[in-house]
Structures are given as C-alpha cells and as structure tokens.
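Step one of this worksheet: look at the structure below.
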Amino acid sequence: MPIPRPDLQGDRVIAHVDMDCFYVQVEQRKQPKLRGLPTAVVQYNDWKGGALIAVSYEARKFGVKRSMRGAEAEMVCPNIQLVQVPVARGKADLNAYRSAGSEVVSILSTKGRCERASIDEVYLDLTDAAESMLSETPPEALEDIDEEALKSHVLGLIGDEDREKNVQRWFIRSDAIHQDKLLACGAIIVAHLRGEVLKETEFTCSAGIAHNKMLAKLASGMHKPAQQTIVPSSAVKDLLASLPVKKMKQLGGKLGSSLQNDLGVNTVGDLLKFSEEKLQERYGFNTGTWLWNIARGISGDEVKGRVLPKSHGCGKTFPGPRALKTTAAVESWLNQLCEELSERIQLDMDQNKRVAHTLTLHARAFKTSDVEPHKKFPSKSCPLRYGINKIQEDAKKLFDTGLREFLGSHSNAWRVTSLSISAGKILDTPRTSSISRLFQGKSLSSAISDASNDDIQDDAPSSSIGCKENIVLESDKDEVFAHGKSVKEDDAPSKDRKIDVLCTQSRKQKDKGNGSILKFFSGINTSAKHASNAPSSGSESHKGQDQRDHQEECLVDDHSRLGTISNQQRDDSWNFNAEDIDPSVIDELPPEIQREVRGWICSSKRAKTTKRGSSIFHYFSTDDNA
DNA sequence: ACGGATAAGACC
DNA sequence: TGGTCTTAT
C-alpha cells in the first residue's frame, strides 16, 4: 500500500493528529451536560442497545469497548450515557461528524501540507514551518516555550523524576542534532495547533511528531487523550524492537498474522533478521521492500496535500431476519441511499467546485437454496449523472445487472444483507483556460471574444454569440454555466431559455451527424434519448425536482459523462474520444481555441494510461499541460 | 449471521 | 479498466 521508497530525506517533520473519541466529543459539544461523564455513541439502539462506535475515556476506565453493544456497556458501566447517532432516511447519518471533522481540518491545514486520513485524523508535513522556526526563533532562544509543548512526551528520554524538567531541557538543548531541533519546533507548532483546535472547536486531540508518517501515527496513539508524543530518531530502534507487529499500521490484518505464523516475527524488530530479498520473495517486491524499511523505521510515504475525501459513499446493512428479499424492498432502500448520496455530492459541488464521475454499487447477498455457496454479489459502476432521480435510476440498473450476474442462469430465491452506493472519481471543475470558460466557466462572451480576437465587451449582456454556426450560446448571466450549479439555484425563465437553446443545438447537431464540436463546448450529450428529453421551448410547464433533474442532466451530468465510459453502457453518445473529432470542424474554430483543442487531442492520445484520464475536462483543469 | 458505515489503496 | 480484496477507524 504505502509506496516502498527509501527515506530520501530523514529530516522531514511529520505530525499525525488524531481526535480523541471524536464522535463522543461532537455529541458532548452538542450536549455539554455530558462532559466528564462516561459516554458512548451508539447507532441504532433497538437491538441490544445498539452498537458502540465511540467511547469516552471515562467510560473506557470501566472496560467499555468499541464493538460492545449498548446493553453490554451498561453492564460494566451502569452510569454510561449512550447517545445515538442521528438517523435520517432510515439510516445512520454521519454528517454532523463529517462537518465537525472539516472544522478541525480547516485549522490544522494552516501550517503545512495536510492530508485528511479519515474523518478524525490528519497528517501534517510541517518541515517548512519547523525549518523556519528553527532559523528565526529556535527553542533554545525562547525564554518561555508553549506550556502545552512542554507537556510533550519525548520517547527515549530517561529520568522518571520531574519529567517536565527533562522535556524542557530537551527542547532547549543547544547541542542537539539538527533533526531533534526540527522535531522540537514541530512539537511547538503542533501544540499550538492543538490549542487552536481546542479554542475554536472545543475538541481535544492527540498527536505524534516524528520524521515520517508511520512513526508519527504510532506516536499519536501512545499518550491519549489530549497529549502529544515526539519520536526522536535515536528512540526508533528501541521502540520498534519491542513493538508487536500487529500494532503497526497495515500489519493489523492478514499480513501481520502471516509474519507471526509463517516467519515467527512477533515484533517489528524481529523483522530485522530477514533480508530484503527474502521478504520480497515471500510477500512480493513492493511489500517486501516496505517491510524491510519499516523494520528500520524508514518510510518515504509522503503527506498528500488533500483535505477533501476522494469519494462519498453511503450504505446500510440488513442483518439476519432483516435481509431484503424483494426487488421492491431493495429499490426502496436504494432510493433512500441515493437521496443521501445525491445530497452529499451536490454539497461537495457547491462547496468545493468538484464533480463526481462514477457511481458504484456494492451489495452483499446470499441465495436461500445455496448451490454455489460463496459466490459474491459483484460490484457495478457507471458514469454518474447528477440529480436524485438519475442516481436512483442508475443505481437500480446497477443492482439489476449485479443481481442477474449473481444469480446466474438458475433463478433462485435471494436475500440482500447489505447495500451501498458511492460516488467516486471526483475531479475539480476546470476554471483556468479559455476553453473551460467557454463551456462552463466564468464568462462565456468574453471567452469567445478573447479567443476569437473580436472585441465584444466582456460584460456584454444578453448577447447571442455565433461561433461559425456550430455553436450558439447565450451569456447574459455568466454563472449559469459555472460548474453547472446555479441553474438549479435559479429558476428564472431566462435560464430555461438558455438550456433550451443548448438542447436545441444539441439536437440539430445530432441530425447533422457527428457534431462533436458542440459536445466540446456545451457538454451537451447528443444521444437520441437525451435530445428527446430536452425541454420544450415555452418551458413553464415543469417545476420542482423534475425540472431540476432535467436541467442538471443537460449540464452537469453530461459533463460527467465526458470523462468516463462504462463497460456495460457502451453508448457512443457517452463516449468522447479525441479520435472521433472531425478535423474540419476544428478548423472552423477561433485560432486560440483551435490550439487548445489540438493540444487536448494530442495529450489524450499520449495520455491513455495516466491516472488523470484524457477527457477534455481533465486536460483543461490544469494550466501546465502543453 | 456482520459491530456498521465509510474510506483509501493495491492487485490483477 | 473495473472489480475484488485488504486494512483501518
């Protein structure tokens, strides 16, 4: 998993910040009277008091553990306060915790690169900040170091009496090695950040400060709650020597068991006895190298600069007797799940200007008359189209195809024990180049005029712009096309008109045959299906969700199709290949646009293999891809 | 017959 | 690529 790469730079300052029993803190902030009491958060309390998903430290003293049921917890801790996770649409709703997590991230991301590792954990690369501090205000010159920093735990510091004095001495040692001084600076920064988090959100957290992610993560869990731990490199060897392999991230599962059972490796230190080649031959090249490295406290894994999730998903399980046995039941639950998902990706789009491109369905199921015992329900995905109804419709189709495959030829009675859908391939919506502006960005009129060297004014209101007859776009309200979003927020008739123009164009384009150029600029899908669905010109008819879905379909979801092509739905109209574009159409474009389009075609041919994909949206979402 | 709901990433 | 598997909280 982590990229096995030698630590090229042992001087990084990395912190791992972990919220203390996060869900509990969120609930305690909501209900301050719960503060200080043994508290746990449970979801669904109807069966055995619900399942615990977070436990306060007060409650842990009583032996209350995650993965207990509420009823069990009450037995060991009669006074425990059980708070339920909010329920919406018949399922647990974690949004309160997600947004609380965002509050924290927005504070923690201010001092260096920040990677959101989960809803309640982040990694920080504080190297630059620590270097700066060291050169400007090194700890040894500081007369009073942040009190919270002085409470740090420093691994390997000897002397049990008057710990804080020792720590202080460690912080201000002028003869310390550069690495340790950097860590000291990092620890001061982290202490400060934790203080900010507490002040701004009322949440406490714990942290680890080390030279890489692995060690930082290890350290953050060593002293909780509300404390921080520093790992000087001099302490690494002893730390790992006695550390059970299972404690190491990534070794908590089968790999860790295999190390113990097959190699007799019980502590990370035991790994030192094996050569890199030996480990590689047993566990594969990458994993082998990775193991060899972590045994030595080496990890080159970088802190990704990412504060937003890469996917959104929601799901529900239907245990035992609750298993779903009819398609009607499945569809009803899928509808609920899709509703939540739609809400969340819409919010993501509004807040972060990002668009999800794939919809994936997972399910677990079994057959009542079990012929093929362990056959799994296959997961299925397709291009994601925005709008609740669309998502529901597509999810339904995905389930059906999955179910048919699951059942095979003999149709058997089945039960579904879990359903989940997720939205992935989330990309920033482009906003930089002129072509981006042309089809969805800020100012359509100015984009076109700039590009074609005309001198139409930037803010020319309500003008229809002809572009070599291939494209007619109105642009009186720029935001209409920005991220395909304001359409839904604003139902003004002029907007309807605009959609109408686009759809009409799209239909015309289709009749003319391969009119890919319009797809470029409008993002409008020219398939018969969608063209026939296009709103009619005097559209005062539809209102509400239908209308919304419709408009979104015209703009947003078709954008999303450009990037992704599903295997199962190999509808050409969803496809958007550079090869399909008629070169003569490109010749008719304004010169600036020609250049960009050709650039895209070129890059799409060359970039078939890159992760970024080759859609025009990918291409134009960055500035530097000539 | 699962702790449940979510996420990320590697592998093929 | 999509789909599966692993790991984690």
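For clarity, every value in this text was computed on a predicted model and none was experimentally measured. Lettering follows sequence order; numbering is per chain, from 1.
For A:His362 and C:dG3, the NE2 to C1' distance is 9 Å, given to the nearest whole Å. Atom C1' of nucleotide B:dG4 and atom NZ of A:Lys48 are separated by 15 Å, given to the nearest angstrom. Protein atom OH of A:Tyr97 is 13 Å distant from nucleotide atom P of B:dA5, rounded to whole Å. Across the protein-nucleic acid pair, A:Phe318 atom CZ and B:dA5 atom C1' stand 12 Å apart, rounded to whole Å. A:Leu218 has its CG atom 11 Å from the P atom of C:dT9, to the nearest Å.
Scanning for ring-ring contact (aromatic ring centres under 6.0 Å, His included) contacts around A:His153 gives A:His223, with sequence neighbours left out. By the salt bridge (Lys or Arg N to Asp or Glu O under 4.0 Å) test, A:Asp46 pairs with A:Arg322, sequence neighbours left out. Residues satisfying the ring-ring contact (aromatic ring centres under 6.0 Å, His included) criterion with A:His362, sequence neighbours excluded, are absent altogether. Taking the ring-ring contact (aromatic ring centres under 6.0 Å, His included) definition, one finds that A:Tyr283 meets it with nothing, sequence neighbours left out.
Here A:Arg98 reaches the OP1 or OP2 of B:dA7: one of its side-chain N or O atoms lies under 4.0 Å away. Applying the 4.0 Å criterion to OP1 and OP2 of C:dG3, one finds that A:Ser381 has a side-chain N or O inside that range. Using a 4.0 Å cut-off, some side-chain N or O of A:Arg344 falls inside it from OP1 or OP2 of B:dA7. Of the side-chain N and O atoms in A:Lys380, none sit less than 4.0 angstrom from OP1 or OP2 of C:dT4. The shortest distance between the side-chain N/O atoms of A:Lys254 and the OP1/OP2 oxygens of B:dA10 is not below 4.0 Å. The shortest distance between the side-chain N/O atoms of A:Lys65 and the OP1/OP2 oxygens of B:dG3 is not below 4.0 Å. A:Tyr23 has no side-chain polar atom (N or O) that falls below the 4.0 Å cut-off from OP1 or OP2 of C:dT9.
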Please tabulate, for side-chain N and O atoms in residues 77-94 of chain A, each donor-acceptor pair with protein atoms closer than 3.5 Å (sequence neighbours left out).
unit_1, atom_1, unit_2, atom_2, d
A:Gln81, NE2, A:Asn79, O, 2.8
A:Arg89, NE, A:Glu339, OE2, 3.0
A:Arg89, NH2, A:Glu343, OE2, 2.7
A:Lys91, NZ, A:Glu340, OE1, 2.8
A:Asp93, OD1, A:Asn95, N, 3.1
A:Asp93, OD1, A:Asn95, ND2, 3.0

* Under the side-chain contact (heavy atoms from CB on, under 4.5 Å) rule, what do A:Leu108 and A:Leu124 come out as? Steps first, then yes or no, please. => CA-CA 8 Å; A:Leu108 293 180; A:Leu124 306 175; 4.3 Å; yes
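Taken residue by residue, residues 307-317 of chain A places heavy atoms nearer than 4.0 Å to DNA chain B at A:Pro309, A:Lys310, A:Ser311, A:His312, A:Gly313, A:Cys314, A:Gly315, A:Lys316, A:Thr317.
Comparing B:dG4, B:dG9, C:dT9 against the side chain of A:Asp120 picks out C:dT9 as the nearest.
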